[in-house]
Asker: 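Below are the structure tokens for one structure; questions will follow.
Since the structure is predicted, the reported quantities are computational estimates derived from the model, not experimental observations. We number each residue from 1, following the sequence as shown.
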Amino acid sequence: MTQPEARALAVASPAHAGSRRVLVGVGGQARVWRQEGPEGAGEGHDDGGGRLVREGRLTLPEAWDHPHLVALFGPTADDAGMVMELVPGGTLEGLMEARGALPVGEAVTLLVPLARALAHLHAAGVSHGDVAPQNIMFRADSSPVLIDPGSIRLPAQAPGPASTLGFAPEGEAPGTAGDVYAWGAVAWWVLTGELPGPASHRTPLIMLCRELSLATARLIEDCVDADPRVRPPARELAGELLAGERPRPLDASAAVTAAGSPHMLTQAPPPTGWRAALAARRASVAARLSRGSRRRRAGVSAWRAPSRWLYAPALGLLLTAGAVLAWRAWPAPPQEPAASLSQVSAAERNAAAVGALPALDRARTAALRDRDEAALSAVYVQQSPALSADRATITALLEAGQRFEGMGSRLEAVQAVGADNGGDVVVRAVAVQASYRVTGPGNAPTALIPGSSTPLRWTLRHGDEGWRILAVQRE
């Protein structure tokens, strides 16, 4: 429905003449109705929708204004509910029940918009509080949308009702870090068909979904880490996911229910007017021809053979169909190779380096935390002095039986400052390191490393395996 039509429903009485309300479902905080009337159709939440609009009046309209958040049009006339757009394409829960785990490219197409929606909410100072499959739906064009504004929480508000089991960190109050965990749990679930489960019994994601890049697997594992300090901010999720994977068109048709099917853009509306009359005549002719064919097969001569010239159009159609089939079966012409990074502009090269750096920094942090020296080869150029330093750190940790607990970092103010003479790109950023512990044998704490914020300058080089870090210097 259009926004003016939805606003008309928002100010209309629920008992408006000619309108009809149909119960769509019952959630944890409200009942959802589909209201149909002369103005169109829309969805409404009652049992607290109006209250949420009033309490969040200063933040809710701005926070909940994003292409991948369900559109809100205001409270109902009796102030007992909220009018929002109709989302007819079914839920992610229904899609997974029908299809199972999604291919990586389709999962990326689903997850990137949700990450951007969460980043928008967090930038406005609110968290969603219940990012889960039943709260992820598909619009008429099959694009994903996050619903249930009743779950949002301002920073000063008390925790709301419990989030969906398995998609929230256990024993942790709802907040932005909890939203990131939920996004990671959804990502894990759509890629494997399983929940991540407790960290102590978790199989590495790269072993469950071998089509993933190592950087993407690390990103999702960091999102579902038990320590909220390890989880990346929502604003980094979309960029890092796109840096490691290639999106593919998402087929969400299996999620559409019978009630939602007529509202989908791919569903042709039933014919009306002269189109309906034409369809009826065509059906009548087809029925008569079918009856004549059946009588002929039974030995009854119901009509004489058509004139020879009537076969000409049919022959032309057959020849055309044959040409189409032959064209489709013919091998596609070879694709031109994509332009190498050396052929793109300096601005595009710099942008690619800026996009790759957060994933490299995250992989480096994970390698140190896991004491995985082999993982550093996906971070550094082989001759990098920083590689030697990190290898020495991991060796010392292993020899002492120590490890870094709760180690996490993020980059802020990332910007390219140019390229050197060899084509390497120099990137400047502030590395924000959360405080973490150094533990000894038996997880006995031995030291607490305080958090820090350090301006750094990276030199990145692009090779056959993508971007790698050549050097790191303090500013």
Asker: Is there a side-chain contact between His68 and Leu114 in this structure, where contact means two heavy atoms from C-beta onward sitting under 4.5 Å apart?
Answerer: no
Asker: Does Asp130 offer a backbone N or O that forms a donor-acceptor pair with the side chain of Asp148 under 3.5 Å?
Answerer: no
Asker: For the CG atom of Leu470 and the CG atom of Leu460, what is their distance to the nearest 0.5 Å?
Answerer: 8.5 Å
Asker: Donor-acceptor check, side chain of Asp179 to backbone of Ser127, threshold 3.5 angstrom: yes or no?
Answerer: no
Asker: Go through it in stages, so that I can follow the logic: the residues are Leu102 and Met96, the test is side chain to side chain contact (heavy atoms under 4.5 Å, CB included), and I'd like the CA-CA distance, side-chain angles, deciding distance and then a yes or no.
Answerer: CA-CA 8 Å; Leu102 301 180; Met96 289 291 290; 4.2 Å; yes
Asker: Does the pair Leu195 and Phe167 meet the rule for a side chain to side chain contact (heavy atoms under 4.5 Å, CB included), with working shown?
Answerer: CA-CA 8 Å; Leu195 288 171; Phe167 293 92; 3.3 Å; yes
Asker: Kindly give the heavy-atom pair with the smallest separation between Val224 and Ala185, and that separation in Å.
Answerer: CG1-N, 3.4 Å
Asker: So does Val354 get a backbone contact from the side chain of Trp467, meaning a donor-acceptor N/O pair under 3.5 Å?
Answerer: no
Asker: Hey, does Trp183 have a side-chain heavy atom less than 4.5 Å from the side chain of Leu111?
Answerer: yes
Asker: Measure the shortest side-chain to side-chain distance between Pro249 and Thr109 over non-hydrogen atoms and say whether it is less than 4.5 angstrom.
Answerer: no
Asker: Who passes side chain to side chain contact (heavy atoms under 4.5 Å, CB included) against Leu456, sequence neighbours left out?
Answerer: Ala431, Thr454, Trp458, Val472, Arg474
Asker: For Thr192 and Trp188, indicate whether the former's side chain and the latter's backbone hold a donor-acceptor pair under 3.5 Å.
Answerer: yes
Asker: Minimum heavy-atom separation for Val70 to Arg139, with atom names?
Answerer: CA-NH2, 4.2 Å
Asker: Test of understanding: with side-chain hydrogen bond (donor to acceptor under 3.5 Å, both in side chains), list the residues that count as partners of Glu221, not counting sequence neighbours.
Answerer: none
Asker: For the residue pair Val190 and Ala107, what are the closest heavy atoms and their distance?
Answerer: CG2-CB, 4.0 Å
Asker: Taking only residues two or more places apart in sequence or in another chain, which ones pass salt bridge (Lys or Arg N to Asp or Glu O under 4.0 Å) with Arg235?
Answerer: Glu412
Asker: Would a 4.5 Å heavy-atom cut-off, applied to side chains only, mark Pro232 and Leu219 as touching?
Answerer: yes
Asker: List the atom pairs, donor and acceptor, that lie under 3.5 Å between side-chain atoms in residues 355-362 and the rest of the protein, sequence neighbours left out.
Answerer:
unit_1	atom_1	unit_2	atom_2	d
Asp361	OD2	Ser409	OG	2.9
Arg362	NE	Glu240	OE1	2.9
Arg362	NE	Glu240	OE2	3.3
Arg362	NH2	Glu236	OE1	2.6
Arg362	NH2	Glu240	OE2	2.8

Asker: Kindly indicate, with the supporting measurements, whether the criterion side chain to side chain contact (heavy atoms under 4.5 Å, CB included) is fulfilled by Leu146 and Leu118.
Answerer: CA-CA 9 Å; Leu146 192 59; Leu118 288 178; 4.0 Å; yes
Asker: With the side chain counted from C-beta on, respond yes when Arg229 and Ser435 share a heavy-atom pair under 4.5 Å apart, and no when they do not.
Answerer: yes
Asker: Identify, with sequence neighbours excluded, every residue that meets side-chain hydrogen bond (donor to acceptor under 3.5 Å, both in side chains) alongside Glu172.
Answerer: Arg231
Asker: Please enumerate all residues that pass salt bridge (Lys or Arg N to Asp or Glu O under 4.0 Å) together with Arg437, with sequence neighbours excluded.
Answerer: none
Asker: In terms of relative ring orientation, are His120 and His66 parallel, tilted or perpendicular, with 30° and 60° separating the classes?
Answerer: tilted
Asker: Determine, step by step, whether Val425 and Thr459 satisfy the side chain to side chain contact (heavy atoms under 4.5 Å, CB included) criterion, reporting the C-alpha distance in whole Å, the side-chain angles of both residues, the deciding distance to 0.1 Å, and the verdict.
Answerer: CA-CA 6 Å; Val425 177; Thr459 303; over 6 Å; no
Asker: Quick one: does Leu208's side chain get under 4.5 Å of Leu191's, heavy atoms only?
Answerer: no
Asker: By the side chain to side chain donor-acceptor pair (under 3.5 Å) test, which pairs, at least two apart or in different chains, include something from residues 90-104?
Answerer: Arg99-Glu106
Asker: Tell me every residue that passes salt bridge (Lys or Arg N to Asp or Glu O under 4.0 Å) with Asp251, counting only those two or more places apart in sequence or in another chain.
Answerer: none
Asker: How would you list, by chain and number, every residue that makes a salt bridge (Lys or Arg N to Asp or Glu O under 4.0 Å) with Arg364, sequence neighbours excluded?
Answerer: Asp390
Asker: Using the side chain to side chain contact (heavy atoms under 4.5 Å, CB included) criterion, which residues pair with Arg246? Sequence neighbours excluded.
Answerer: Arg248
Asker: Any donor and acceptor pair, going by atom type alone, linking the side chain of His122 with main-chain N or O of Ala177 inside 3.5 Å?
Answerer: no
Asker: Do Trp64 and His128 have side chains that get closer than 4.5 Å, going by heavy atoms?
Answerer: yes
Asker: Given side chains that start at C-beta, do those of Pro247 and Val112 come closer than 4.5 Å, heavy atoms only?
Answerer: no
Asker: For the SG atom of Cys209 and the CD1 atom of Ile220, what is their distance to the nearest 0.5 Å?
Answerer: 8.0 Å
Asker: Over all heavy atoms of both residues, which pair between Leu368 and Phe404 is shortest? Give the atoms and the distance, please.
Answerer: O-CD1, 4.0 Å
Asker: Looking only at heavy atoms, which two atoms of Leu376 and Ala367 are closest? And how far apart?
Answerer: CD2-CB, 3.7 Å
Asker: Identify the heavy atoms of Val145 and Leu69 that sit nearest to each other, and give their distance.
Answerer: CG2-C, 3.4 Å
Asker: Answer yes when Arg369 and Asp227 have at least one side-chain N-carboxylate O distance shorter than 4.0 Å, and no when they do not.
Answerer: no
Asker: Would you say that more than 12 heavy atoms from the other residues, nucleotides or ligands in this model lie under 6.0 Å from the CD of Gln415, or not?
Answerer: yes
Asker: Restricting to side-chain hydrogen bond (donor to acceptor under 3.5 Å, both in side chains), what partner residues turn up for Ser142, sequence neighbours left out?
Answerer: none
Asker: According to side-chain hydrogen bond (donor to acceptor under 3.5 Å, both in side chains), who are the partners of Glu475, at least two apart in sequence or on a separate chain?
Answerer: Arg428, Arg457
